[in-house]
There are 2 protein chains.
Amino acid sequence: MAVSGRQTGRPTLEEVAARAGVGRGTVSRVINGSPRVSDRAKEAVGQAIAELGYVPNRAARALAGARTDAIALVIPETESRLFAEPYFLDIIRGVSAELADADMQLLLTLIRSSKERQRFEQYLSAQRVDGVLLVSVHGDDPLPDLARELGVPAVLNGRRSAGERVAYVDSDNVGAGRSAVDHLTGRGCRRVATITGPLDMYVARCRLDGYRQGVEAAGLPADDRLVAAADFTEEGGRRAMRELLDRCPDVDGVFAASDVMAAGARGVLREAGRRVPDDVALIGVDDSAVARLMDPPLTSVRQPIEEMGRRMARALLREITGADPEPCRVVLPTELVVRDSA
Amino acid sequence: MAVSGRQTGRPTLEEVAARAGVGRGTVSRVINGSPRVSDRAKEAVGQAIAELGYVPNRAARALAGARTDAIALVIPETESRLFAEPYFLDIIRGVSAELADADMQLLLTLIRSSKERQRFEQYLSAQRVDGVLLVSVHGDDPLPDLARELGVPAVLNGRRSAGERVAYVDSDNVGAGRSAVDHLTGRGCRRVATITGPLDMYVARCRLDGYRQGVEAAGLPADDRLVAAADFTEEGGRRAMRELLDRCPDVDGVFAASDVMAAGARGVLREAGRRVPDDVALIGVDDSAVARLMDPPLTSVRQPIEEMGRRMARALLREITGADPEPCRVVLPTELVVRDSA
DNA sequence: AACCGGCGTGGGAGCGCTCCCACCGTAGAG
DNA sequence: CTCTACGGTGGGAGCGCTCCCACGCCGGTT
């Protein structure tokens, strides 16, 4: 109670070795799963570890070896406000699950200012993580390339463009837009509009492409007045919906590129006295809690978010061990969840 | 392109020292802000650091010193599914903001199984972080005490009981319940019910206490049939609301201890043909996105979540440096955000 | 019988830092 | 003029690990 000095008092490799009656090297080999160890030694070491409750010192490991056993998940803060928030939590969930099995640490880095961004870049170049996971990158984000130059393995969530060269895990955003519009036209909508995300993001452009494909496939005339650009926020959704109502009062279906924007749109529709789905059918993307709780519950295109997180982690792990000659290029399918709004 | 060996090639303390024409010790002193350095040396070292782009090696630091410059934010996964999800994101946001300034790393740890829990406990005892932040602890969670025993600084988000001995940052949950009920009775409700969280959580009991105080202050009879226990989930909210409707058809106001439960209750009320707020007024807690997006928009008690995160981080930092003789005991005020549901 | 290859092993040499001790010089006191 | 005091400094000794080299010892060759 008196002394509060934090003496670790933890057993070291050396002590384990002594107890097991072997050398330091052998213990290290056992711990790291080297094949060049006799069963007898393996067993003795295992027992000594158990008895002593030995846990390797990560700092020492990082210093001696050339790795840190940690990866960073980077979230540009500007995005986290905009995006459907639960999205990040789901990503984190998936990443964390996959990482735990590999006994790797997850460092969370929110970047909200250019100062913090700079700090992170320094961080990267100091090789203080074995790899990075980058979420919601804009088309012009230099971070992925920086990582590549520095030789730090990186995996993106979403692409910056069709020709993305850095490893990525994405969802089928074209298909998402397409399936939403197909559903809308399938239930009889003839004037289908869309509320897009920020068009400097590839994800937003893809969903728009899907929308266009769907419109064309239904034999409906393309009409740019039916396209309103927004920014993934609720307020953006409101503004866009007002625009649409203004330009095309006869709109009878709306594909919003996120649930949150759909929620904004829904508010405007209510104020305008349009019933959902009778007057205007509405579909969002993300299948988030918001969708379930809306009135009427929102039909939405589900992305396998947690699975994306898991895949990203797995891909990064492989990239770190150098097991992958080719960078990961995964596009996961989406799924329309039909509720009452369309 | 050929060789991909990750040779760091980063400058070391030694190199900085050589360039600045001083000893290793002096450079270390400058970096760590020791007062025992002449201005001349300070300047020379500063310049050498800038020229070389020196960044200290964290692993070496951790190994030599007795710290890691990292703290862990622990989220029991069972909770994260139940709780209003954006909650955690806001906490993270606050924590991260405060930590960035202190140049500390944020380790995110989701605990979803007893195996992972065990791993984390091992982790803790291996002193691999300088401190821990624990979120949403149940009354019987042993983790805080474990941390205390191991001498690892810890700060809780929320208390486990009135007599919490570990440092904490909480919000005024009694006040939250009280202000909600006051508002309800103030607008004329005479049969005010409550849907509680899991009663093994102090936060839930506090909100219930606040409810009771409010009922009594309004001179209304206490009636246990007006209290339905749930678990912070939407489905729990539904069930509880059905119970209430069943037991007390004359209920005219409901205080739900979370927005998500309020959303569940709202659905049941709609199905039962009760209008909100005309027949039954409804209030939630959290002021989350869900509240804004409900129909009608939900009156809710706002907690300063991000601020709590910030305070927790600050408290932990102080606890780590030993600047605080007393563990932090902060209770932040809440605020009723009036919308249309009550 | 001397030879060789390879498995299994012990332990030295760092990794880059912090801690701390010893040392220098200078300034004030005796 | 010597003695002490202390601010400022250099550098040794680790921290606990991984890497790798060198050394046995074995069986199977010539």
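Residue numbering restarts at 1 for every chain, and letters A, B, ... go by the order of the sequence lines.
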key: Over 12 non-hydrogen atoms of neighbours within 6.0 angstrom of CZ in A/Arg165   = no

Hey, what are the protein-to-nucleotides 22-24 of chain D N/O distances that come in under 3.5 Å?
none

Separation of C/dG16 atom P from A/Arg128 atom CZ, nearest Å, is 14 Å

side-chain hydrogen bond (donor to acceptor under 3.5 Å, both in side chains) filter on A/Asp101, not counting sequence neighbours, yields none

### Query
When you look at B/Met201 and B/Val137, which way does the side chain to side chain contact (heavy atoms under 4.5 Å, CB included) test go after all the steps?
CA-CA 8 Å; B/Met201 290 184 77; B/Val137 280; over 6 Å; no

Expected list for residues 54-65 of chain A near DNA chain C, using heavy atoms below 4.0 Å, is A/Leu63, A/Ala64

In whole angstroms, the gap separating P of C/dC19 from CD1 of B/Ile31 amounts to 13 Å

ask   = Does B/Ala100 offer a backbone N or O that forms a donor-acceptor pair with the side chain of A/Arg119 under 3.5 Å?
value = yes

Here the distance between atom P of D/dG14 and atom CG of B/Leu13, to the nearest Å, is 19 Å

side-chain contact (heavy atoms from CB on, under 4.5 Å) filter on B/Ala18, not counting sequence neighbours, yields none

Residues 47-58 of chain A vs salt bridge (charged side-chain N to carboxylate O under 4.0 Å, His left out), sequence neighbours excluded, gives A/Arg19-A/Glu51

Establish whether the base of D/dG12 is bridged to the side chain of B/Arg24 by a donor-acceptor pair shorter than 3.5 Å.
yes

Quick note, side chain to side chain donor-acceptor pair (under 3.5 Å) partners involving residues 22-32 of chain A, not counting sequence neighbours, are A/Ser28-A/Asn32, A/Asn32-A/Arg61

When rounded to whole Å, the CG to C1' distance for the pair A/Asn32 and D/dG16 reads 13 Å

- Message: A side-chain contact here means heavy atoms from C-beta on lying under 4.5 Å apart; do B/Tyr87 and B/Asn157 qualify?
- Response: yes

*asked:* Between the side chains of A/Arg67 and A/Asp130, is the shortest nitrogen-to-carboxylate-oxygen separation below 4.0 Å, so that they form an ion pair?
replied: no

When rounded to whole Å, the CZ to P distance for the pair B/Arg67 and C/dC17 reads 13 Å

Margin query: Any heavy-atom pair between the side chains of A/Leu108 and A/Ile75 that's under 4.5 Å?
Written below: yes

By side-chain hydrogen bond (donor to acceptor under 3.5 Å, both in side chains), B/Arg318 pairs with (sequence neighbours left out) B/Asp324

Correct closest heavy-atom pair for A/Ala72 and A/Phe120 would be CB-CE1, 4.3 Å

side-chain hydrogen bond (donor to acceptor under 3.5 Å, both in side chains) filter on A/Ser96, not counting sequence neighbours, yields B/Arg112

Dot-bracket for DNA chain C, 5' to 3', Watson-Crick and G-U pairs with both distances under 3.5 Å, [ ] for crossing pairs, | for partner on another strand, reads ||||||||||||||||||||||||||||||

>> Can you tell whether the side chains of A/Glu307 and A/Arg310 come within less than 4.0 Å, N to carboxylate O?
In response: yes

Pick out the pairs of N or O atoms, protein on one side and nucleotides 6-9 of chain D on the other, that lie under 3.5 Å.
from, atom 1, to, atom 2, distance (Å)
D/dG7, OP2, B/Arg36, NH2, 3.4
D/dT9, OP1, B/Ser38, OG, 2.6
D/dT9, OP2, B/Ser38, N, 2.8
D/dT9, OP2, B/Ser38, OG, 3.4

Tightest non-hydrogen contact, residues A/Leu332 and A/Pro304, listed as CB-CG, 3.8 Å

Under 3.5 Å, which donor-acceptor pairs link side chains of residues 140-154 of chain A to any protein atom two or more places apart or in another chain?
from, atom 1, to, atom 2, distance (Å)
A/Asp141, OD1, A/Arg117, NH2, 2.8
A/Asp141, OD1, A/Leu143, N, 2.8
A/Asp145, OD2, A/Arg160, NH1, 3.1

Could you go over nucleotides 25-27 of chain C and give all protein N or O partners under 3.5 Å, atom names and distances?
none

